[in-house]
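Worksheet: the structure to be examined is printed underneath.
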Amino acid sequence: MTGRLALILRRVVQAIPILLAIVIINFLLLKLAPGDAADVLAGEAGSATPEYMAELRAKFGLDQPVPLQLAQYVGRVLMLDFGYSFRHEMPVIDLILARLGPTLILMVTTIVIAVGSGVLLGLLAATGLNTWRDNLISILALVSYATPLFWVGLMLIVVFSINLGWFPTSGMEEVAAFHTGWDRVWDIAHHLVLPAVTLSLFYLALYTRLMRASMLEQAGMDYVVTARAKGLSERRITFRHVLRNALLPVVTMAGVQVSSLIGGSVIVETVFGWPGLGQLAFESLFARDLNLLMGIFLLSAMLVLVVNLAVDILYTFLDPRIEAR
Amino acid sequence: MNELSETLPQGAAPGRLARLARLWRLFARNRAALFGLAILAGVVALAAIAPVLYPESPFSLAGRPMSPPFGDWLFGTDTLGRDVMAGIAHGARTSLMIGLVATLVAVVFGTTMGALAGYYGGWIDDLLMRITEVFQTIPSFVFAILLVAIMSPSIQSIVIAIAVVSWPALARLVRGEFLSLRNREFVQANVLMGMPDWKIILVQILPNALSPIIVAGSLMVATAILIESGLSFLGLGDPNVMSWGFQVGAGRTVLRRAWWICTFPGFAILLTVLAINLVGEGLNDALNPRLREGKA
């Protein structure tokens with residue numbers, strides 16, 4: 001138990017410089033961008049005298065030396081103060097938190113679908129090695145790995161929303177219907193199907209290939225030979241021995257992929273009008289709201305760090321051998 | 001290599017041409033890879049003859065807006081009456097060019113980082129790998145969006161953004177190769193002979209690490225094309241250059257009335273990326289024969 005605690009602590013300590021580096025990169029990008037906060041505010045107001053601009057810069061601390069500005073910026077970000085969105089006239093963090101919920105719903109559903117069916121398909125492919133089943137699954141994985149997410153989304157809308165009318169084209173719920181309780185849950189789930197399936201496809205391909213490779217690798221291990229020598233049935237070897245060990249890399253991958261899942265959700269939320277962080281990022285692009293875009297970027301980077309940490313901790317429970325190292 | 005007395009096979013060492021021919025035979029054994037190569041050749045040909053087939057700018061108006069496909073225009077026209085097929089032909093140039101250049105930049109930078117880290121080890125390795133780790137943690141597509149938004153959309157900014165988010169994986173790969181090659185006898189012999197470090201890295205180690213770099217690079221081109229199409233779909237493409245992602249993004253609002261505007265350019269992306277992935281895997285099989293047993 002102490003070993004596990006020490007490991008978790010070590011991982012937390014390792015994450016801190018990475019977080020700091022990301023905040024610094026963000027600060028540098030902010031400096032790189034044309035115009036500063038005072039320019040933006042003056043632009044919003046229409047016009048401003050040079051005296052007023054200087055006053056504004058002093059107010060924001062923009063007249064301070066850059067290292068001091070950096071220190072202040074890091075301090076603010078660590079207090080989750082991501083600045084102010086002049087477009088929405090709200091602190092960035094409030095805007096982000098309001099949109100975080102829908103994105104998390106979409107991402108968690110996607111991970112469950114992608115990992116669940118990826119593991120199943122990989123298992124099917126590996127147990128029927130080089131049969132038509134294996135080939136079909138491999139081809140499907142290859143194709144969905146190469147398909148742009150936005151295109152899959154649009155094609156699903158054409159088929160299932162426009163032609164068949166099974167699912168709504170956009171949004172998260174029927175706002176005008178004022179559903180409550182389980183009706184509302186059902187309504188959201190109905191809206192969730194197409195976006196979640198779209199976002200899952202790419203990762204489904206990834207997990208399928210990974211699971212297949214992992215199963216094949218484990219099947220060649222000595223313990224499988226031992227199990228077979230003991231006279232265990234193939235079914236029991238596959239499910240009780242190989243499957244459990246083959247799942248480990250898939251869990252790691254699920255953590256690593258959260259980073260690209262966030263990128264994918266920008267696209268999918270834009271296509272389906274899902275009111276989450278991704279759509280907020282898209283809106284901020286058009287409104288030229290850089291503060292907001294940077295806030296979303298920072299929060300998503302933090303999210304990746306947290307998920308990686310969680311996966312590391314989960315891993316120590318799944319594979320007790322980790323502690324020994 | 002280990003037995004000096006061993007007699008060489010008949011004739012001289014195989015020449016460059018013979019080695020290429022052998023590589024081609026290995027590659028051609030993989031039918032999926034050949035299929036990919038054929039598609040890719042088609043896309044490259046389309047890109048090459050686009051200015052001949054469609055000498056007009058792909059942004060110019062060709063006819064009635066939203067004409068259905070397979071009539072006067074192969075793939076119909078879009079909301080403003082631009083020929084969709086002309087856009088696909090010119091978009092092929094954009095996609096291939098950005099995919100290649102961005103990958104090249106990422107490969108050069110990633111290889112340099114990985115080579116330095118793997119060759120020198122110690123604090124240089126620690127520092128460079130820490131930097132790599134930071135860039136691997138950052139959500140890459142969101143980072144690319146941010147970079148293009150800050151630099152304002154253009155071919156250069158898109159290439160830079162894609163390269164910035166793609167190099168870390170390659171740096172790790174190259175570092176691993178260099179770590180394992182660093183202590184081999186032929187490298188140690190050159191160190192003893194007093195060969196300068198840069199020469200050992202470039203002339204001795206790098207050629208031996210080239211096959212995995214080529215394979216990873218070819219797969220990176222596919223990813224780069226996907227990122228580019230995503231960026232231009234969101235409206236972050238170069239406004240002066242036609243691209244597949246832009247076409248899909250522009251047709252999105254009229255999906256209900258004109259499905260073809262989104263469908264065909266998107267299918268072009270799918271085909272191209274699929275072809276490059278297949279070729280990359282074929283290259284992998286041909287260049288790293290040892291790995292093949294595991295896959296069978």
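Sequence lines set the chain letters: A, B, ... in the order given, protein chains first and strands last, and positions in each chain run from 1. Source: prediction; values computed, not measured. Note that these values count all heavy atoms, side chains included, but never hydrogens, waters or copies made by symmetry.
Note on ring orientation: taking the six-membered ring where Trp is involved, the planes of Phe297(A) and Phe143(B) are parallel (angle under 30°, cut-offs 30° and 60°).
Only the side chain of Leu278(B) comes within contact range of chain A, with heavy atoms under 4.5 Å apart. Within the 4.5 angstrom heavy-atom criterion, no atom of Leu271(B) approaches chain A. Looking at Ile25(A), only its side chain comes within 4.5 Å of chain B, counting heavy atoms on both sides. Heavy-atom distances place the side chain of Leu236(B), and not its backbone, under 4.5 Å from chain A. Looking at Val152(A), there are no atoms closer than 4.5 Å to chain B (heavy atoms on both sides), in backbone or side chain. With a 4.5 Å cut-off on non-hydrogen atoms, Leu285(A) touches chain B through its side chain but not through its backbone. For Thr147(A), the parts sitting under 4.5 Å from any heavy atom of chain B are the backbone and the side chain alike.
Across every non-hydrogen atom of Thr270(A) and Arg252(B), the tightest pair is O-NH1, 3.3 Å.
Each of Thr263(B), Ile138(B), Val142(B), Leu226(B) has some count of heavy-atom pairs under 4.5 Å with chain A, and the biggest count is that of Thr263(B). Options Ala149(B), Gly245(B), Ser229(B) differ in how many heavy-atom pairs under 4.5 Å they form with chain A, and the most are formed by Ser229(B). Contact count versus chain B (heavy atoms, under 4.5 Å) is highest, among Ile157(A), Asn308(A), Leu305(A), Val143(A), for Val143(A). If you tally non-hydrogen atom pairs under 4.5 Å between each of Ser140(B), Ala222(B), Gly230(B) and chain A, the highest count goes to Gly230(B). Annotation: maximal heavy-atom pairing with chain B below 4.5 Å, among Leu19(A), Ile22(A), Leu29(A), occurs at Leu29(A).
Considering only heavy atoms from C-beta on, Leu234(B) stays 4.5 Å or farther from Phe150(A) through its side chain. Looking at heavy atoms from C-beta onward, Phe141(B) lies in side-chain contact with Ile267(A) at the 4.5 angstrom threshold. For the pair Ile269(B) and Trp151(A), the minimum side-chain heavy-atom distance is 4.5 Å or more. In this structure, the side chains of Leu154(A) and Phe233(B) come closer than 4.5 Å at one or more pairs of heavy atoms. In this structure, the side chains of Asn26(A) and Leu146(B) come closer than 4.5 Å at one or more pairs of heavy atoms.
Residues of residues 163-173 of chain B lying under 4.5 angstrom from chain A, judged on non-hydrogen atoms, do not exist.
Heavy atoms of other residues, nucleotides or ligands lying less than 6.0 angstrom from OH of Tyr145(A) number 12 at most. Open room surrounds CZ on Phe267(B); 12 or fewer heavy atoms of other groups in view lie less than 6.0 Å from it.
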Side chain to side chain contact (heavy atoms under 4.5 Å, CB included) evaluation trace for Ile18(A) with Gln136(B): CA-CA 10 Å; Ile18(A) 296 182; Gln136(B) 273 191 317; over 6 Å; no

